[in-house]
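Everything below concerns the one structure shown next.
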Amino acid sequence: MAQPKYTTHVGMDDILPGEVEKWQTVEEIIRETAREFNFDEIRTPILEQTELIARGVGQQTDIVSKEMFAFERGDDQYVLRPELTAPVVRSYIEHHLDQRGGTQNLFYIGPMFRAEKPQKGRKRQFHQFGAEILGSSEPVADVDIIQLMMRIYEKIGITNTELKINSVGTPEEREQYVQALRDHFRPHESELSEVSQRRLEKNPMRILDSKEDEDQPFIEKAPVIIDFLGKQSMQHYKRVKELMEHNEIPYQEDPHLVRGLDYYTHTAFELISPDLGSQDALGGGGRYDLLAEEIGGPSTPAVGFASGIERLLMACEALDIDLHREAAVDVYIVTIGQKANDWALSKLKVLRNKGISATMDYQGRSIKSQMKDADRENARYTIIVGEQELSDNAFTLRDMQASEEEALAFEEIVDRLSQHSTADVKS
RNA sequence: GAGCCUGUAGCUCAGUCGGUUAGAGCGCCAGGUUGUGGCCCUGGAGGCCGUGGGUUCAAAUCCCAUCAGGCUCCCCA
């Protein structure tokens, strides 16, 4: 089709009626589950200071080095948030949430922005939900965060998933490990794939999740990070695994799992769906004990996860999970003539105030067209109004499913429908 | 950033050895039923064939560019 003059920006999709209802279902399940886990919602601005993201997420990451939507206005540097862990920690520090005592258990849902080349399951504006436990270094926190994530997918019906876990240790341990990796791969540098050769200096850990065939033999023999963990890191990892087993959470250890962001320490995890294509990561997370300090706050151990809503919806589609609830209206008032039309408008208010959802024709169309429209809108009832009904105060109430009609006074109709209404009655 | 594929009505798609006014199904609008939806029948509206350029007597069809989408790589949600 010819392109309209104005369209959305590349990689930024409208979510239209029909699709929105699925999002609402998912969001309700997320909120409901978060409540069950005693997590509170937090909402932060879409725009953050560029420096926060650069420091928090890490200068070397792809996100910061090439995927930020950033701009300048006056002396201020703005960036559209590419993820929400750093902003949540910023908020925690800024508002001294640690002073509220205990841990802060927070969850969020909202849009994120990354300036990547879009493809299926990877948009420039995409949506994530996630949760963070701030103020605990205990393995129970790691495991409960994983349980929250898994429970949401379970409730939605996505159970065919693989949970991978690993420990990425402390920065010191990681540095030793990275050195060992370089030593391991360097003798074979010329035999590695092109991308992996580039990673050798920049980020050797990335070689581990290479999909290139020629890299595989060297990856198999590569040292694993577990062997470089100190006593405390090892103990933490061991406890996490124990707790996972006690709570019957199936997982797979993946010694090659590394996270894309710099702030992770110790536990790292990722949830994969074999039902998706190349973008098979549903969500991921881990522990980030050093992030708060890194961005100028008090030392705050923390753990969290983030999940993509688009990916979740893709998985639902692949699994034929029906999230769609049909939109419906309780009453559609069908009118014949100007007087009836005026009457209908005033009665919509009476119905709605009783919590009965109600609508009417806005186009002055024929009764047949209005009935058709009522059908399309999934009206449970129609009220048919003409001159005769007005003078008799006897209106035709038609049950659209049963195709039965009854002549009733308007007050009787209201009483009748009050009992059948599905809308929430606002007090 | 790299490679490959695709782009025809609102939607899903036919139509290419280049050849008169570009089609179907669904959807939309109207009528059949002058006050009654879903099924059925009839009619109608709606396309510079993604955009720009080129080849040709002639282009939806061939060529180039560009934009958009998809798949893979990269990376990740």
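Every chain is numbered from 1 and lettered A, B, ... according to where its sequence line falls, protein lines coming before strand lines. Fair warning: this is a prediction, and the values are worked out from it, not measured in the lab.
In this structure, the CD1 atom of A:I367 is 16 Å from the C1' atom of B:A30, given to the nearest Å. As rounded to whole Å, 12 Å separates atom C1' of B:A68 from atom CG of A:D13. Rounding to whole angstrom units, OH of residue A:Y381 and C1' of B:U36 are separated by 17 Å. Put simply, CD on A:Q401 is 21 Å from P on B:U36, counting in whole angstrom units. Protein atom CG of A:L312 is 11 Å distant from nucleotide atom C1' of B:A77, rounded to whole Å.
The listed nucleotides are B:C75, B:U36, B:G31; the one nearest the side chain of A:S366 is B:G31. Among the nucleotides B:A77, B:A68, B:G31, the one closest to any side-chain atom of A:R114 is B:A77. For A:A281, the listed nucleotide lying nearest its side chain is B:A77; candidates were B:G70, B:U36, B:A77. Out of B:G69, B:A77, B:U36, the shortest distance to the side chain of A:V10 is found at B:G69. Among the nucleotides B:A30, B:G38, B:C75, the one closest to any side-chain atom of A:S403 is B:G38. Distances were taken from every side-chain heavy atom of A:S369 (C-beta onward) to each of B:U36, B:A68, B:A30; the shortest belongs to B:A30. Counting only heavy atoms from C-beta on, A:K372 has its side chain closest to B:G37 among B:G37, B:G35, B:G1. Checking B:G1, B:C75, B:G37 against the side-chain heavy atoms of A:E67 singles out B:C75 as nearest.
Of the nucleotides present, B:U51 is the one that pairs with B:A65 by Watson-Crick or G-U wobble criteria, both distances under 3.5 Å. B:G44 and B:C28 make up a base pair, with Watson-Crick or G-U wobble contacts both under 3.5 Å. B:U36 is unpaired under the Watson-Crick or G-U wobble criterion, no partner having all donor-acceptor distances under 3.5 Å. Base pairing of B:G23: its partner is B:C13, meeting the Watson-Crick or G-U wobble criterion (both donor-acceptor distances under 3.5 Å). Across all strands shown, B:G18 forms no Watson-Crick or G-U wobble pair with both distances under 3.5 Å.
Taking the P atom of each, B:U42 and B:G50 are spaced 31 Å apart, rounded to whole Å. Across B:U6 and B:C13, the matching P atoms stand 14 Å from one another, rounded to whole Å. Across B:C48 and B:G23, the matching P atoms stand 15 Å from one another, rounded to whole Å. One P atom belongs to B:G37, the other to B:G32, and the distance between them is 11 Å to the nearest Å. Distance check on atom P: B:C63 versus B:U16 gives 16 Å, rounded to whole Å. If you take atom C1' in B:C71 and the same atom in B:A30, they sit 44 Å apart, rounded to whole Å. Annotation: B:C28 and B:A45 have their C1' atoms spaced 9 Å apart (nearest Å). Only the C1' atoms considered, B:A2 is 31 Å distant from B:A60, to the nearest whole Å.
No engagement by A:R124 is indicated, since no non-hydrogen atom pair under 4.0 Å with the nucleic acid exists. Among the atoms of the strands shown, none is found under 4.0 Å from any heavy atom of A:G337. Counting non-hydrogen atoms under 4.0 angstrom, A:G130 reaches nothing in the nucleic acid. Looking at heavy-atom distances under 4.0 Å, A:I309 makes no contact with the nucleic acid at all. Using a 4.0 Å heavy-atom distance criterion, A:E389 is classed as a base contact. Counting any heavy atom pair closer than 4.0 Å across all strands shown, A:V334 reaches no nucleic acid atom. Nucleic acid contact for A:E310: none, since no nucleic acid atom lies under 4.0 Å from a heavy atom of the residue.
Under a cut-off of 6.0 angstrom, the local environment of CD in A:E116 is crowded, with over 12 non-hydrogen atoms contributed by other residues, nucleotides or ligands. More than 12 heavy-atom neighbours from other residues, nucleotides or ligands sit within 6.0 angstrom of CD on A:E405.
A:V385 places a side-chain heavy atom less than 4.5 Å from the side chain of A:W343. With a 4.5 Å cut-off on side-chain heavy atoms, A:V329 and A:N378 do not count as touching. At a threshold of 4.5 Å between non-hydrogen side-chain atoms, the residues A:I145 and A:F269 count as touching.
Contact annotation: A:R365 side-chain N/O to B:C29 OP1/OP2 distance is under 4.0 Å. Side-chain N/O atoms of A:R376 include one lying less than 4.0 angstrom from OP1 or OP2 on B:C28. In this model, the phosphate group of B:G70 is not approached by any side-chain N or O of A:R122 to a distance below 4.0 Å at OP1 or OP2.
Using the six-membered ring where Trp is involved, A:F71 and A:Y78 have ring planes that are parallel, under 30° apart on the 30 and 60° scheme. By the 30° and 60° cut-offs, the orientation of the rings of A:H236 relative to A:H266 is tilted.
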Practice problem: Determine, stepwise, if the pair A:Y288 / A:E132 fulfils side-chain hydrogen bond (donor to acceptor under 3.5 Å, both in side chains). | Solution: CA-CA 10 Å; A:Y288 50 94; A:E132 320 284 352; 2.5 Å; yes
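One can find a donor-acceptor pair under 3.5 Å joining the base of B:G37 and the side-chain atoms of A:R398. A donor-acceptor contact under 3.5 Å is not formed by the side chain of A:E270 with the base of B:A77. No N or O donor and acceptor, one from the side chain of A:Q370 and one from the base of B:U36, sit under 3.5 Å apart.
If A:A379 and A:K368 are placed on RNA chain B by their nearest nucleotide, the residue sitting closer to the 5' end is A:K368. Both A:L282 and A:K117 lie near RNA chain B, and the one whose nearest nucleotide falls closer to the 5' end is A:K117.
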